[in-house]
Amino acid sequence: MHPLRRASTHAVVLSWVIAAGLLSDASCARAQDNTDPNAPVVQKVEPPNWWVKLTPEVMVLLSGRNLRATRAECNLPEVSVSRTQSTANGDYLFLWLKLAPTLKSGIAVCRITTASGQTTFELPFAARKQILGRNQGLSPDDVIYLIMPDRFANGDPTNDEPAEFPGSHDRAQPRAYHGGDLRGIQAHLPYLKDLGVTTLWLTPILKNGAPTDYHGYGAVDLYAVDPHFGTIGDYQELMGAAHKQHMKILFDVVPNHVGPLHPWVKDPPTSDWFHGSAAQHLSSSLPVKGDFYGQTGTKKPTNDLFEALVDPHTPEAFRRNLTEGWFFGVLPDLNTENPLVIDYLIQNSIWWAEASGLDGYRIDTFPYVPRAFWSQWHQELRRLYPRLSTIGEVFHPDPTVTSFYAGGRKGWDGIDTQLTTVFDFPVYFALRDTLLNGAPLGRLPGILRQDSLYPHPEFLVPFFANHDTTRFASASGANLGKEEVAFGLTLTLRGIPEIYYGDEIGMTGGEDPDNRHDFPGGWIEDQQNAFRRDGRTTEQQKIFEYVQTLLRLRREHESLREGKLWHLAADDSSYVFMRQSEEERLVIAVHNGANARTMKVPLKDTPLQGTSGIAPLFGGAQADLGGDQLKLILPPLSLSIFVLQ
Ligand SMILES: [Ca+2]
Ligand SMILES: [Ca+2]
């Protein structure tokens, strides 16, 4: 292959190179045809390609054998090797390549010389794409829809059981791969557009290793799409199709850990690549328990004691398990203080942003990674993609904990994570507690009053379910009416709401993996197709229309997206609030009781003052303005919206 192959042929080569995934074995890394067992061999190049005019330097990690280089050089004068570092066993070689501003797209061929011979590898450089319509970021105009790609729709039955994963596909097994994929999602973009969501969060699409890794959280290759889900080409096509329909996509990134089967676990690129090793490591559970902070026993085991991380008084020993332990005692914890690991992960996130055009990152297990890492990761990403949104998972019911991780200001540790926002787990817990477990509805304003802790509460992501929670419809105490109110609140409170796939048709399911059933109709052999109106049951259609209508109202009413939120009244069973924009004022009245009730809301010295009329917009409540009060008659278990004049 001529090293200076350029331009038109380059695009073809590059797409082929990327489609191949890893640039593995002979496709690009060209070991000499040499039977010498000491000869250098490159099996993998990370990143597999890069872009011109993107960064002044790129760090390349080669995997293979006998890579203790004495010399390394590339054929392009614009690409110079400034430094190398190999592992003692010769299985890895880091190279730092300086890229001159005059570098044009093409393929660099780099030669490595060791005491026992030579080999080469190729690194294609492409021109950057137009940024318009890519890497967009989110605003409160958006609504997120969470999809597990394996469980949504099967658009390509030929990838259901890739040759390298025999026995991994079985729709009858809840922890096996079911065949859903990226093409299936693309085929259902019209359904999602019709529902009214704007942004897709896909659980991780990276290549995983175990036959039960359908969920995607066990990566074995940070530069490859899992073959069950498709190819990088499929991901790019999905992204392009979504962007064309003015939809956005979030990439689920997991810098805290890799899967237990990642080749690094047996053979790390440096001795301190992980916190500990497979043989010896901390568990992520803390030595101190909830009673340390006076908590009384009802916390779920999924809530780790992040209090200890946000508390300025805890010694290092109270924190180390959370930030350095292996998640669930199993998932290999990356040493995110190691500059090589940091650079690898930052480059990896830049690569996915550039290769795909993704609009933001949903960040897994956010508190388990030290905050200094997040600050640096964001800084490097935002330098290139200033609009990217990032949403951190801080699985905790207390806003004093979750808000500590939101970016926009420094914490007591002097660090600004620069994270755009966090998922609103406190609202999640409050919605479940109030609607299902009999807690007073006033718990909600009790959470919302703590918005003052966040630099940007308008970006918070309220939700009532995700892939780690039971389906709302199957939770104890749930019914269709309660689920509608849960949707109603999620879609009318401040922030950027998130909906879990299938909840819009009231899908049922208990704990993981029962909460991850296949969307009915995503498979050609399915008896029912709930993607179509004529395939939905009466009950499914009722909740679908409820959600669809609220999403339409969100689009039509700026105040529901951007408006200021005012509390008007709250007690055990009801909560009345306003969303106010420059253009309009809407009143949202929620009643969680089993019987209708009347509520009287005083107007004086509230944002209701001066109201001359009130008209129903959504729901079955009645409203009357009389004297200096607003009288509301609220049906049992209901959410209603009124427009004020
Ligand atoms: Ca498939
Ligand atoms: Ca960690």
Side-chain angles (χ1 to χ4, degrees), residues 147-165 168-171 176-188 202 205 207-208 211 214 216-217 219 225-231 233-235 237-238 253-260 262 264-265 268 272-277 281-286 304-306 308-309 316 318-338 341-342 344-345 363-374 376-377 392-395 405 417 518-519 521-526:
I147 290 176
M148 300 199 84
D150 184 58
R151 303 296 164 92
F152 191 63
N154 189 358
D156 180 5
T158 66
N159 63 18
D160 290 357
E161 189 162 292
E164 60 186 307
F165 294 107
S168 58
H169 173 256
D170 183 354
R171 283 190 77 194
Y177 282 89
H178 288 188
D181 50 40
L182 298 171
R183 284 201 206 170
I185 296 168
Q186 189 175 338
H188 291 90
L202 313 184
I205 59 164
K207 185 176 182 183
N208 275 224
Y214 71 91
Y217 291 99
V225 170
D226 193 281
H228 293 91
F229 301 153
T231 63
D234 292 333
Y235 188 56
E237 264 192 45
L238 169 62
V253 68
V254 193
N256 183 60
H257 51 259
V258 293
H262 195 295
W264 290 339
V265 180
D272 56 354
W273 194 254
F274 292 108
H275 290 126
S277 65
H281 55 258
L282 295 172
S283 162
S284 62
S285 61
L286 271 193
D304 272 322
L305 202 66
F306 299 151
L309 292 174
E316 189 56 35
F318 285 21
R319 314 161 159 270
R320 193 170 287 129
N321 285 69
L322 286 170
T323 56
E324 300 185 14
W326 288 29
F327 198 52
F328 295 128
V330 173
L331 294 168
D333 200 70
L334 287 163
N335 180 358
T336 39
E337 291 93 330
N338 178 335
V341 175
I342 294 171
Y344 179 97
L345 292 171
I363 306 175
D364 192 64
T365 41
F366 196 80
Y368 298 89
V369 175
R371 288 158 55 85
F373 172 88
W374 292 125
Q376 192 179 346
W377 183 85
E393 179 203 32
V394 184
F395 203 131
Y405 291 96
T417 64
D518 301 340
F519 194 102
W523 281 250
I524 199 159
E525 65 270 24
D526 287 353

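When a ligand or atom number is given, it counts from 1 through the structure's own listing order. Note that the structure is predicted; figures quoted are calculated from it, not measured.
Angle OD2(Asp181) to the Ca ion (ligand 1) to OD1(Asp160): 160° [nearest 10 degrees]. To the nearest 10 degrees, the Ca ion (ligand 1) sees O of Asp156 and O of Gly179 at an angle of 160°. The Ca ion (ligand 1) is the vertex of the angle joining OD1 of Asn159 and OD1 of Asn154, which measures 150° to the nearest 10°.
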**Prompt:** Would His281 and Phe274 count as a ring pair (Phe, Tyr, Trp, His ring centres under 6.0 Å) if you check the C-alpha gap in whole Å, the side-chain angles of each, and the deciding distance to 0.1 Å?
**Reply:** CA-CA 9 Å; His281 55 258; Phe274 292 108; 9.9 Å; no
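At a threshold of 3.0 Å, the Ca ion (ligand 1) has no backbone or side-chain N, O or S atom of Arg183 nearer than that distance. For the Ca ion (ligand 1), the set of nearby N, O or S atoms under 3.0 Å includes none belonging to Thr158.
Between Phe152 and Phe519, the ring planes lie perpendicular to each other; the angle is over 60°, past the 30° to 60° tilted range.
Each salt bridge (charged side-chain N to carboxylate O under 4.0 Å, His left out) pair with one or both residues in residues 363-374, not counting sequence neighbours, appears once here: Arg362-Asp364, Arg371-Asp413.
The ring pair (Phe, Tyr, Trp, His ring centres under 6.0 Å) test with Phe306 singles out one residue from Phe395, Tyr368, Phe366, Phe318, and that residue is Tyr368.
Contact check on Asp160 versus Arg171 returns no salt bridge, with no Lys/Arg side-chain nitrogen under 4.0 Å from an Asp/Glu carboxylate oxygen.
Of the possible donor and acceptor atoms, one in the side chain of Asp150 sits under 3.5 Å from a partner among the backbone N and O of Gly179. Counting only distance, with no hydrogens or angles, the side chain of His178 and the backbone of Gly180 share no donor-acceptor pair below 3.5 Å. The backbone N or O of Gly216 lies less than 3.5 Å from no partner atom in the side chain of Asp226, so there is not a single donor-acceptor pair.
Take the Ca ion (ligand 2) and draw a sphere of radius 3.0 Å; the protein N/O/S atoms inside it number 5.
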